[in-house]
2 protein chains.
Amino acid sequence: MRRDIFQAIADPTRRAIITLIALQAMTPNAIADNFNTTRQAVSKHLRILTECELVKQQQQGREIYYSLEVEKMKEIDKWLAQFRKIWETRFNQLDNVLATLKKQKR
Amino acid sequence: MRRDIFQAIADPTRRAIITLIALQAMTPNAIADNFNTTRQAVSKHLRILTECELVKQQQQGREIYYSLEVEKMKEIDKWLAQFRKIWETRFNQLDNVLATLKKQKR
DNA sequence: TATATTTGCAACTGATTGGTTTCCTATAGT
DNA sequence: ACTATAGGAAACCAATCAGTTGCAAATATA
């Protein structure tokens with residue numbers, strides 16, 4: 001199945017689900033009520049999210065509560081870190097280079 | 001076409017390309033040399049990255065240099081911000097909520 | 001001017017994706 | 001025990017995707 005987090009958050013519905021259950025654990029039916037989708041579609045998304053450990057389940061009787069594995073989200077943050085360095089320190093250096101090139105042409 | 005950044009970074013090859021050109025603009029051929037792919041495959045990835053404005057081109061004679069639009073990467077960071085709040089301040093509060101629910105049912 | 005190089009673009013192919021439908025199991029409530 | 005509800009799993013379908021192949025346009029070089 002080879003799922004990774006980046007593929008998991010590629011789908012807008014899945015991102016919405018993540019946001020939805022970030023603060024409060026929810027059942028598949030409750031989640032589906034928030035979208036224009038069927039429970040089964042949500043269920044499939046939840047399986048993908050669970051497979052890459054972005055989401056964890058917690059059975060409670062016949063209901064299953066899904067909640068966000070916030071720690072896993074840090075992996076995206078970790079990947080972003082390398083670029084954060086660039087956009088923080090070398091802010092508009094690229095634009096400067098372009099401006100310089102433009103000037104030289106004239 | 002409806003491309004967004006999250007879909008763009010879903011592909012591992014595209015993430016590698018992004019990392020590669022983050023520090024230095026490169027031509028498609030030069031980028032392809034760094035992978036086990038053909039130039040055309042890289043070219044398609046670059047088109048997708050360009051479409052969602054994650055990458056910008058700069059023609060120089062018959063060569064086209066591709067470089068990262070670092071500003072656009074911030075959009076991912078912006079989306080992550082909401083969760084950063086959670087993993088920084090309310091560490092394992094979710095488990096507490098579930099534990100409380102469990103207690104109330106009994 | 002003729003040839004080689006760099007690149008984009010379109011068409012095709014096989015694999016994957018999101019969604020629906022259907023069926024099954026397990027629990028809750030009567 | 002019976003019915004209703006919650007949910008997962010498999011089969012299927014249309015759409016999309018990544019990669020390849022082939023070709024055309026533009027630039028460089030001889």
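All chains are named by letter (A, B, ...) in the order of the sequence lines, taking the proteins before the strands, and each is independently numbered beginning at 1. Values reported hereafter were calculated over all heavy atoms of this structure, with side chains retained and with hydrogens, waters and symmetry mates removed.
Within the 4.0 Å cut-off from OP1 or OP2 of C:dT7, not a single side-chain nitrogen or oxygen of B:Ser43 is found. The phosphate of D:dT5 (OP1 or OP2) has no side-chain N or O of A:Asn29 nearer than 4.0 angstrom. Not one side-chain nitrogen or oxygen of A:Thr37 sits closer than 4.0 Å to the OP1 or OP2 atom of C:dG19. Contact annotation: A:His45 does not reach the phosphate of C:dT17 (side-chain N/O to OP1 or OP2, under 4.0 Å).
The existence of a salt bridge linking B:Arg15 and A:Asp4 is confirmed by a sub-4.0 Å separation between a basic side-chain nitrogen and an acidic carboxylate oxygen. Using a cutoff of 4.0 Å between basic side-chain nitrogens and carboxylate oxygens, A:Glu75 and A:Lys78 are not scored as salt-bridged. Taking the charged nitrogens against the carboxylate oxygens, A:Arg84 and A:Asp77 do have a contact shorter than 4.0 Å, which makes a salt bridge.
In this structure, A:Arg39 places its CZ atom 17 Å from P of D:dA4, rounding to the nearest Å. Atom CG of B:Leu49 and atom C1' of D:dA18 are 13 Å apart (whole Å). When the P atom of C:dT17 is taken as reference, atom CG of A:Asp11 falls 11 Å away, rounded to whole Å. Across the protein-nucleic acid pair, A:Gln40 atom CD and D:dG7 atom P stand 11 Å apart, rounded to whole Å. Atom P of nucleotide C:dT13 and atom NZ of B:Lys44 are separated by 14 Å, given to the nearest angstrom. Separating the CD atom of B:Gln7 from the C1' atom of D:dA18 is a distance of 12 Å, rounded to the nearest angstrom. B:Phe35 places its CZ atom 15 Å from the C1' atom of D:dA18, with the value rounded to the nearest Å. Between B:Gln60 atom CD and C:dT7 atom C1' there is a gap of 15 Å when expressed in whole angstrom units.
Taking only side-chain atoms of B:Arg62, from C-beta outward, the nucleotide of C:dT17, D:dA28, C:dT7 with the closest atom is D:dA28.
Residue-level contact check: B:Ile48 touches the backbone only, with heavy atoms under 4.0 Å from sugar-phosphate atoms and none from bases.
Criterion: ILVMFWY side-chain heavy atoms under 4.5 Å apart, direct or through other members. Under it, A:Phe6 and B:Leu80 are part of a common hydrophobic cluster. Taking hydrophobic clusters as Ile, Leu, Val, Met, Phe, Trp and Tyr residues chained together by side-chain heavy-atom distances below 4.5 Å, B:Tyr65 does not share a cluster with A:Ile86.
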